[in-house]
Colleague: 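I am attaching a structure below and will ask some questions about it afterwards.
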Amino acid sequence: AGKAALGAGSNGPALERLALTAAAKRMYATDVGAAPSEQDLIVEYLEEENSGIVVFGINRPKAMNALSKNLVANFTEAINAVKFDKNVRVLILRSHVKE
């Protein structure tokens, strides 16, 4: 899976169309340099036959995925990035924590 950050795009500054053959991920965290295991919210844009599907993964194992101010702010940013994208047809919210 490829990793990408969202930037300027056809649907506004918060969205960039991704041309990857696998899932593209945008990681959110308080610290910009945080490792993927430390990210509160992971956003995956699926491609190929799953094009148009966006997966929001909550990754707060120590807090048992409880909502925090930071996580809500990340959700708001991520939702604003996809809400006007006419190519997005499904949004999936799931736990990204491994059992």
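Note that this is a predicted model, so its numbers are computed, not measured. We count residues from 1, following the sequence as given.
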Colleague: Applying the 4.5 Å side-chain criterion to the ILVMFWY set and letting contacts propagate, would Val97 and Phe56 be lumped into a single cluster?
Modeller: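 Per the 4.5 Å side-chain linkage, Val97 and Phe56 are not co-clustered.
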Colleague: How many angstroms lie between atom CG of Asn59 and atom CG of Asn74, to the nearest 0.5 angstrom?
Modeller: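 Reported value, rounded in 0.5 Å steps: 11.5 Å.
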Colleague: Flag the pair Glu44 / Val54 as yes when at least one side-chain heavy-atom distance between them is below 4.5 Å, and no otherwise.
Modeller: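 They are not in side-chain contact.
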Colleague: With Ile58 as reference, evaluate Asp40, Asn65, Ile42 under the side-chain contact (heavy atoms from CB on, under 4.5 Å) test and give the passing residue.
Modeller: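 Of the listed residues Asp40, Asn65, Ile42, the side-chain contact (heavy atoms from CB on, under 4.5 Å) partner of Ile58 is Asn65.
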Colleague: Let me confirm one number: the CD-CG distance from Gln39 to Leu71, rounded to the nearest 0.5 Å.
Modeller: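 Gln39 atom CD to Leu71 atom CG measures 11.5 Å (nearest 0.5 Å).
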Colleague: Could you pull out all residues at least two apart from Ala63 that satisfy side chain to side chain contact (heavy atoms under 4.5 Å, CB included)?
Modeller: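 Scan of Ala63 (side chain to side chain contact (heavy atoms under 4.5 Å, CB included), adjacent residues dropped) gives Arg60, Ala66.
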Colleague: How many angstroms lie between CG in Leu46 and CD1 in Ile92, if you round to the nearest 0.5 Å?
Modeller: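 The CG atom of Leu46 sits 7.0 Å away from the CD1 atom of Ile92.
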Colleague: Met64, Leu67: one ILVMFWY side-chain cluster at the under-4.5 Å cut-off?
Modeller: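 No, separate clusters.
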Colleague: To the nearest 0.5 Å, what is the distance between CG on Asn87 and OH on Tyr45?
Modeller: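 Those atoms lie 10.5 Å apart.
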Colleague: Considering residues at least two apart in sequence or located in another chain, which fulfil the side-chain hydrogen bond (donor to acceptor under 3.5 Å, both in side chains) criterion with Ser68?
Modeller: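 side-chain hydrogen bond (donor to acceptor under 3.5 Å, both in side chains) check on Ser68 returns nothing, list empty.
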